[in-house]
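Structure, as structure tokens:
Counting starts at 1 for both ligands and their atoms, in listed order. Sequential numbering from 1 along the given sequence is applied to the chain's residues. Just so it is clear, the values below take in all heavy atoms, side chains as well, and ignore hydrogens, waters and symmetry mates.
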Amino acid sequence: MSTVFRSPGVRRHVLAAIASTGGLLFGFDTGIISGALPLIQQDWRLDTFTSSLLVAALLGGAVVGALIAGQVCDRLGRREIITATSATFALGAFGSGLAPSIDWLIASRAVVGLALGAISVSVPLHIAEIAPAKSRGALVSCNQLAITIGILLAYVTAALLGSDHEAWRHMFMAGSALAVLLGITSVALLESPRWLVWQDDEQEARRVLGELIAQPQDIDREIDRIKRGLKAETENRLGKLIRGRGRPEMITGIGLYFFQQFVGINAILYFAPSIFTKAGFDGQTAALLATVAIGVLNVLMTVLAMRLLDRVGRRPLLSIGFSGMALSLLAAGLTFMVFGEASGAQRWLVLLALLTFIACFAVSIGPIGWLMISEIYPTTLRGRAMSIPSAAHWLFNAVVSFSFLPLLLHLGDGPTFGLFALFGMAGWFFCRFLVPETKGLALEEIQEQQAARAAARPPT
Ligand code: BGC
């Protein structure tokens with residue numbers, strides 16, 4: 001047993017799993033709000049504006065958290081921030097559970113948001129920098145797997161805690177227990193060897209690599225590669241990188257999240273029970289389907305994605321995923337339009353369409369969004385550069401979540417799904433023309449390819 005844990009390959013997986021507890025917090029909080037919000041609304045008689053403020057506080061906090069985390073990761077390292085983030089999350093979640101007033105609750109949710117934003121940058125970044133090129137896709141996607149498990153765990157927790165008076169307090173507090181778990185296990189994490197070499201601490205980088213790589217000659221090779229990569233990074237000011245040769249990668253990062261969110265994933269996850277009810281299922285079956293079928297499928301298809309990412313590559317999965325999402329959203333939209341009102345055929349067609357949508361999301365842009373932003377930026381700017389698409393992700397999430405119900409009201413179910421289908425199609429074109437393949441390449445080799453592409457571009 002102990003020899004197994006001494007194996008560098010196993011150690012990388014264990015470290016990726018520990019860091020991914022951050023994803024568990026991310027997913028848990030995404031899922032728990034749909035169980036907690038109706039209860040808070042009931043307990044405190046919240047109006048629509050205050051309920052929206054409660055949701056917006058978290059998303060706003062996450063935008064700020066992502067931007068701060070990028071700076072911290074570049075200046076102070078990729079490891080300590082994960083421990084600090086778990087403490088922030090625990091504090092915010094505990095504060096939410098104890099909240100004596102709505103102002104307090106809104107402030108606590110903003111603190112949780114800060115932590116989630118920071119997690120969304122630091123966890124994929126940390127894992128990408130300790131992963132070998134050949135299994136980076138699977139290792140970084142442990143984070144997405146944890147997000148999907150967190151969502152499922154939240155559904156189950158909410159169902160178990162029921163709808164008793166103040167059950168929402170326990171729902172939030174359950175999140176702080178997960179954060180304590182991350183805090184405790186995160187002390188085992190190793191600092192990124194890339195960040196250490198950048199900070200001129202080659203000795204410590206060699207020690208860390210010694211834990212991650214079996215052969216001493218491979219450690220020398222890795223150090224050389226990192227040094228060569230750092231030498232080639234001539235720009236370490238974010239503004240200049242974005243205005244100059246790094247602009248396409250910034251467009252790629254932000255665009256991936258734009259399409260990840262605008263296909264409506266969170267609208268569907270948050271409102272699945274009411275969508276199924278509208279399609280003709282009774283309330284209880286609809287809730288069960290939303291939790292079990294959607295939640296479990298999301299987890300299982302993410303496992304499949306982890307097996308495929310390093311074999312077939314990122315681009316083929318994005319292509320299959322976006323085509324499938326566009327077609328299934330179109331099918332859901334057409335079903336609502338053709339049938340008009342709840343019927344036997346409609347409910348099965350909508351169920352099939354939404355399950356196909358979730359499967360296609362989970363095998364493609366779900367994990368690939370987080371994976372790719374950890375791959376396409378240079379080491380000396382990785383944290384700060386990643387923080388921009390991550391912050392945009394939270395902003396897009398807010399826009400879609402807040403506009404879904406008004407869209408249903410003004411456009412109707414069919415056209416709303418039709419609109420999401422259009423974003424799915426546009427996402428397919430975006431990935432086809434603006435997303436590079438990164439399978440099997442070391443982070444430094446990805447930079448070399450990007451530099452070569454930039455050199456080949458006509459000057460602007
Ligand atoms: C997205 C989240 C989404 C989750 C669903 C993540 O990649 O960033 O917004 O809720 O996937 O599995």
Query raised in the report: Which is closest to atom 12 (O) of ligand 1 by heavy-atom distance: Asn266, Val299, Asn298?
Result: Asn298

Query raised in the report: To which protein heavy atom is atom 7 (O) of ligand 1 closest, and what is the distance rounded to 0.1 Å?
Result: Gln144 OE1, 2.8 Å

**Report entry** Backbone of Thr285 reached by a side-chain donor or acceptor of Asp282 within 3.5 Å
**Finding:** yes

Query - Proximal atoms of ligand 1 relative to Trp370 (non-hydrogen, under 4.0 Å) - result: 6 (C), 7 (O), 8 (O)

Query raised in the report: For ligand 1, which atoms have a heavy atom of His393 less than 4.0 angstrom away?
Result: 1 (C), 8 (O), 9 (O)

Query raised in the report: Under 3.5 Å, is there a donor-acceptor pair between the side chain of Gln447 and the main chain of Ile376?
Result: yes

Report summary line: Atoms of ligand 1 under 4.0 Å from any heavy atom of Ile151, numbered from 1 in the order shown, are 5 (C), 12 (O)

Query raised in the report: Which ligand 1 atoms does Leu269 reach within 4.0 Å, using its non-hydrogen atoms?
Result: 5 (C), 10 (O)

Query raised in the report: Which atoms of ligand 1 are found less than 4.0 Å from any heavy atom of Thr148?
Result: 12 (O)

Query raised in the report: Are any of the side-chain heavy atoms of Trp394 and Tyr257 separated by less than 4.5 Å?
Result: no

Query raised in the report: Looking at Tyr377, does the NZ or CZ of Arg382 lie under 6.0 angstrom from its six-membered ring centre and within 45 degrees of the ring axis?
Result: no

**Report entry** Gly366 to ligand 1, any heavy atom closer than 4.0 Å
**Finding:** yes

Query raised in the report: Ignoring hydrogens and geometry, is there a side-chain-to-backbone donor-acceptor pair from Thr50 to Leu46 under 3.5 Å?
Result: no

Query - Side chain Arg314, main chain Leu309, donor-acceptor under 3.5 Å - result: yes

Query raised in the report: Judging by distance only, is a nitrogen or oxygen of Gln260 under 3.5 angstrom from one on ligand 1?
Result: yes

Query raised in the report: So, are Glu191 and Arg78 salt-bridged, with charged N and O less than 4.0 Å apart?
Result: no

Query raised in the report: Is the shortest distance from a heavy atom of Tyr257 to ligand 1 less than 4.0 Å?
Result: no

